[in-house]
Amino acid sequence: MTYDLIIIGGGPAGAAAAVYASRKRLKTLFITAEWGGQSVVSEQIFNWIGTPAISGSELANNLKNHVLANAGESLEVKEGVKVDLISKEKDIFKIKTDSKEEFRTKTILIATGSGRRKLEAKNADRLEHKGLTYCASCDGPLFADMDVAVVGGGNAAFESAAQLLAYCKSVTLLHRIETYRADEITVEKVLKNPKMKAIKNVEILEIKGDKFVEGIVYRPARPHDGSGAGGDKITGKETELKVSGIFVEIGQIPNTDFVKNLLPLDKVGRIKINPLNQKTEIPGIWAAGDCTDVLYHQNNIAAGDAVRALEDIYLYLHTK
Ligand SMILES: Cc1cc2nc3c(=O)[nH]c(=O)nc-3n(C[C@H](O)[C@H](O)[C@H](O)COP(=O)(O)OP(=O)(O)OC[C@H]3O[C@@H](n4cnc5c(N)ncnc54)[C@H](O)[C@@H]3O)c2cc1C
């Protein structure tokens with residue numbers, strides 16, 4: 001059997017696409033490794049339109065329920081399954097999964113989002129889950145009344161710091177450059193907390209600790225633009241900050257490994273798309289959300305991009 005469409009990914013992009021595909025009665029298979037996508041770890045999401053505030057896990061549940069409410073007639077759902085490979089044979093695509101299944105389809109929408117960028121510093125791997133973590137809302141409460149560090153300078157780093165400030169003794173944010181990528185309003189709010197300290201222009205060298213994190217070693221970062229800006233860069237002195245927990249929020253890596261031999265990607269691995277219609281450079285494959293090279297990545301944008309893709313896929317299937 002050959003599907004009209006296979007949607008890969010169960011975040012806001014994939015979920016929105018599944019709802020539209022079912023309403024358009026496309027013979028669709030929806031495959032996702034997990035439900036809800038990356039913001040599932042977020043304690044509060046304040047800008048998902050229609051809900052003044054919602055937790056990441058509640059958002060994930062809502063997405064799942066909305067997709068499942070449309071499943072049945074034309075929409076089939078496979079959860080807990082990862083797509084490993086896509087190949088093309090004439091006008092038909094073949095999709096292979098880690099459950100060793102193979103599916104055929106006329107079109108594909110890739111909505112596989114992105115995952116965490118790992119900290120490259122001595123002992124960071126060894127001490128992961130032993131004080132070094134990538135999820136403040138999951139592990140933060142374990143560090144109540146302790147000194148902790150957050151590595152990063154975007155919204156996720158500042159959101160993590162804000163959560164940790166509620167119960168940690170102190171939070172030090174270490175950032176590699178001079179400017180923060182986080183929204184100004186969030187930066188201001190977090191930095192004015194008396195338990196908060198921020199150090200900019202640093203390079204993380206090493207995580208200290210035998211069985212559990214005991215500290216983080218950094219030194220003034222080499223200037224990116226050669227200007228030498230950033231105070232103690234001149235000394236290059238290594239400093240050890242004693243902390244019991246380290247929360248890393250240094251960005252995302254797109255989940256596109258399984259298409260790297262099929263689709264053109266940009267230099268950070270995101271799928272190149274035409275933002276007018278979400279088409280990739282291979283006819284029959286569309287992509288939407290954080291796995292693509294659009295400039296901004298947010299829940300609402302991912303869902304909207306996927307809807308745009310679905311409109312285009314529908315036209316493609318019906319005018320071919
Ligand atoms: C901590 C944090 C907080 C955030 N807070 C906000 C916020 O407050 N507001 C906001 O608008 N945005 C926020 N974002 C950004 C937002 O989460 C993303 O823009 C959005 O999730 C992107 O949606 P997506 O559907 O493209 O991808 P994702 O949400 O990443 O979903 C991808 C899905 O694909 C699945 N998948 C991946 N690879 C495969 C595969 N090979 N086979 C099958 N399935 C696969 C995954 O399991 C996942 O379900 C936050 C992000 C983070 C990390």
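Reckoned from all heavy atoms, side chains included, excluding hydrogens, waters and symmetry mates.
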- Query: Can you tell which of His297, Arg117, Arg270, Gln38 makes a side-chain hydrogen bond (donor to acceptor under 3.5 Å, both in side chains) with Gln252?
  - Reply: Gln38
- Option from Thr280, Asn274, Asp312 for which side-chain hydrogen bond (donor to acceptor under 3.5 Å, both in side chains) with Trp286 holds: Asp312
- Task: Scan for side chain to side chain donor-acceptor pair (under 3.5 Å) pairs involving residues 4-31, sequence neighbours excluded, and state none if there are none.
- Result: Asp4-Lys106, Ser22-Asn70, Lys24-Glu311, Arg25-Glu73
- Query: Does the side chain of Tyr3 pick up a donor-acceptor pair with the side chain of Glu76 at under 3.5 Å?
  - Reply: yes
- Query: Any salt bridge between Glu214 and Lys208, counting N to O under 4.0 Å?
  - Reply: no
- Is the shortest distance from a Lys or Arg side-chain nitrogen in Arg126 or Glu128 to a carboxylate oxygen in the other one below 4.0 Å? no
- Using side chain to side chain donor-acceptor pair (under 3.5 Å) as the criterion, list what pairs up with Glu240, not counting sequence neighbours. Lys242
- Item | Exam field: side chain Thr133 to backbone His129, donor-acceptor pair closer than 3.5 Å | no
- To the nearest 0.5 angstrom, please state how far the CD1 atom of Ile45 sits from the CD atom of Glu159. 8.0 Å
- Between atom CG of Leu109 and atom CD1 of Ile285, what is the distance when rounded to the nearest 0.5 Å? 10.5 Å
All salt bridge (charged side-chain N to carboxylate O under 4.0 Å, His left out) counterparts of [X], not counting sequence neighbours:
| X | answer |
| --- | --- |
| Glu89 | Lys94 |
| Asp147 | Lys169 |
| Glu249 | Arg116 |

- Message: Restricting to side-chain contact (heavy atoms from CB on, under 4.5 Å), what partner residues turn up for Asn155, sequence neighbours left out?
- Response: Ala182, Asp183, Thr186
- Query: Phe158 ring centre to Lys189 NZ or CZ under 6.0 Å, with the angle to the axis within 45°?
  - Reply: no
